[in-house]
Amino acid sequence: MGERLFEKGMTLSEMDAAVEHFLTEEGSAVRILVDIPLTEEEYIQLSDKLLSTNRNMATMQRYRISMLLAWAYALYYGKEESRQYCEIMSSLDELPQYSMRQFFGICSRTFEEFGLNNYFPEICSKQQLCGMMVAQAGVSEEMAPRFCRLLDKMLDGKPIREAMEEMEMTNNEQLENVANASSYHFLEKLLLSAREVMRDCHSGQYTEIQLRQKYSITSSRLIHTCWSWAQQRSRVCA
């Protein structure tokens, strides 16, 4: 992923400032949360700090972008180390109704403020928020080869419903905890849009930079994944 975003020993405030600085410097390249590059070690560093704070509305407002970034990476990495943070962030039913509405408002404003893909004008339910976070987590590095092979199958005519069923069968436990009709709606949109990106990657008519310009709201990480896959396939076939 290149240079680390966090240094060891950083406070939560320092890590939060580093995230905001990255968004300021690289804003146009960040379309979903996992376009902000965190190694698994950095994710654990951030989530540990967040877990040690009091989870109240003041803290959620103060560290809103870091809080959502850690949730997206909990889904992205999907390992045992992710479970505690992901379960806490998914257990919104325990909040009083008024606090839940406040939390949804914080999330909606955060996506808008930092120019992230906002799939709803306003988040109004746990179902919408959990679906949004599945979308913000994108496609993990571990999942990428299987996902790219699936896109190639779709280009060869595999129906979208069959592709969705194949994707659903590979969900990790953290994703299962937030899986719902809303997240499946995002999955369908993800597959259909990624199929078009992959088609253009295979065409050889575009550079990666041109693809990022053409697909201006598609995850930069996803475009890079498809581009790298197509380049690898072209070398194998050459």
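Computation of the quantities below employed the complete heavy-atom set of this structure, encompassing side-chain atoms and omitting hydrogens, waters and symmetry-equivalent molecules. Treat the numbers as computed from the prediction; the structure is a model and nothing was measured.
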Q | Working for side chain to side chain contact (heavy atoms under 4.5 Å, CB included), residues L5 and V19 | A | CA-CA 8 Å; L5 190 61; V19 173; 4.1 Å; yes
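- In the displayed structure, Q210 atom CD is contacted under 6.0 Å by more than 12 heavy atoms of other residues, nucleotides or ligands.
- Residues K8 and E42 are not paired through a salt bridge, judged by the lack of any N-O separation under 4.0 Å between the basic side chain and the carboxylate.
- Minimum heavy-atom separation, A194 to C226: O-SG, 4.5 Å.
- Here the side chains of D200 and K214 are in contact, with some heavy-atom distance below 4.5 Å.
- Atom CZ of R101 sits about 13.5 Å away from atom OG of S125, to the nearest 0.5 Å.
- Q128 is not listed as a side-chain neighbour of M133, based on a closest heavy-atom distance of 4.5 Å or more.
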Q: Would you please test I106 and M57 for side chain to side chain contact (heavy atoms under 4.5 Å, CB included) and show each step?
A: CA-CA 9 Å; I106 288 171; M57 285 301 150; 4.1 Å; yes
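- The NE2 atom of H224 lies 10.5 Å from the SG atom of C201; values are rounded to the nearest 0.5 Å.
- The CH2 atom of W71 lies 8.5 Å from the CE atom of M67; values are rounded to the nearest 0.5 Å.
- Side-chain contact between R161 and M164: present, with at least one pair of heavy atoms (C-beta onward) separated by less than 4.5 Å.
- At a cut-off of 3.5 Å, with distance as the only test, no side-chain donor of Y73 or S47 sits close to an acceptor on the other residue.
- Side chains of T59 and N54: no donor on one and acceptor on the other come within 3.5 Å.
- Side-chain N or O atoms of N56 include one that pairs as donor or acceptor with a backbone N or O of A58 at under 3.5 Å.
- The pair R146-E166 does not count as a salt bridge, with every side-chain nitrogen at least 4.0 angstrom from each carboxylate oxygen.
- A cation-pi arrangement is found for R221 relative to Y76, the charged atom lying closer than 6.0 Å to the ring centre and inside a 45° cone about the ring normal.
- Counting all heavy atoms, side chain and backbone alike, A163 lies closest to L150 at O-CD2, 3.6 Å.
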Q: Determine, stepwise, if the pair Q232 / S228 fulfils side chain to side chain contact (heavy atoms under 4.5 Å, CB included).
A: CA-CA 6 Å; Q232 182 182 6; S228 298; over 6 Å; no
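- When the shell of 6.0 Å around CD of E113 is examined, it contains more than 12 heavy atoms from other residues, nucleotides or ligands.
- One N or O on the side chain of Y77 and one on the backbone of E40 form a donor-acceptor pair closer than 3.5 Å.
- Between Q136 and L68 the shortest side-chain heavy-atom distance does not fall below 4.5 Å.
- Cluster annotation: M143 is not connected to W227 through the hydrophobic network of ILVMFWY side chains, with a link wherever side-chain heavy atoms come within less than 4.5 Å.
- Remark: the backbone N or O of S220 is paired with a side-chain donor or acceptor of D35 at under 3.5 angstrom.
- Residues F147 and S140 are not in side-chain contact: their nearest non-hydrogen atoms beyond the backbone lie 4.5 Å or more apart.
- Closest non-hydrogen pair, S13 versus Y63, comes out as OG-OH, 3.0 Å.
- Judged purely by atom type and a 3.5 angstrom limit, S216 has no side-chain atom pairing as donor or acceptor with the backbone of Q213.
- Under a 4.0 Å N-O distance rule, the pair R62/D16 qualifies as a salt bridge.
- The hydrophobic cluster containing Y215 does not contain L33, counting ILVMFWY residues as joined when their side-chain heavy atoms lie under 4.5 angstrom apart, directly or transitively.
- Judged purely by atom type and a 3.5 angstrom limit, S108 uses its side chain to pair as donor or acceptor with the backbone of I123.
- With D152 as the fixed residue, the side chain to side chain donor-acceptor pair (under 3.5 Å) test singles out one of R195, K158, R233, H202: H202.
- Between the OG1 atom in T39 and the CD atom in Q45 there is a gap of 8.0 Å [rounded to 0.5 Å].
- Here the side chains of L190 and L222 are in contact, with some heavy-atom distance below 4.5 Å.
- Following chains of ILVMFWY side-chain contacts shorter than 4.5 Å, one cannot reach V139 starting from V197, and the two form parts of different hydrophobic clusters.
- For the atom pair CG of L192 and CD1 of I160, the computed distance is 4.0 Å after rounding to the nearest 0.5 Å.
- The shortest distance between side-chain heavy atoms of F22 and E25 does not fall below 4.5 Å.
- At distances below 3.5 Å, at least one donor-acceptor pair connects side-chain atoms of T53 with backbone N or O atoms of L50.
- The hydrophobic clustering, which links ILVMFWY residues whose side-chain heavy atoms are closer than 4.5 Å, places L211 and M154 apart.
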Q. Going through the distances and angles, do W229 and R149 end up as a side chain to side chain contact (heavy atoms under 4.5 Å, CB included)?
A. CA-CA 9 Å; W229 175 268; R149 283 193 292 271; 3.4 Å; yes
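- Placement of I32 and L129 within a single hydrophobic cluster is found when ILVMFWY residues are connected by side-chain heavy-atom separations under 4.5 Å, directly or transitively.
- The nearest pair of heavy atoms linking Y43 to A70 is CE1-O, 3.2 Å.
- Closest approach of I65 to E20, counting heavy atoms only: CG2-CG, 4.1 Å.
- Using a 4.5 Å cut-off on side-chain heavy atoms (C-beta onward), L151 and L155 make no contact.
- Scanning all heavy atoms of the two residues, the minimum distance from G9 to E14 falls at O-OE1, 4.4 Å.
- A salt bridge is defined here as a Lys NZ or Arg NE, NH1 or NH2 lying under 4.0 Å from an Asp or Glu carboxylate O, and E196 with R199 meets this definition.
- Here CZ of R64 is found 9.0 Å from CZ of R109. Values are rounded to the nearest 0.5 Å.
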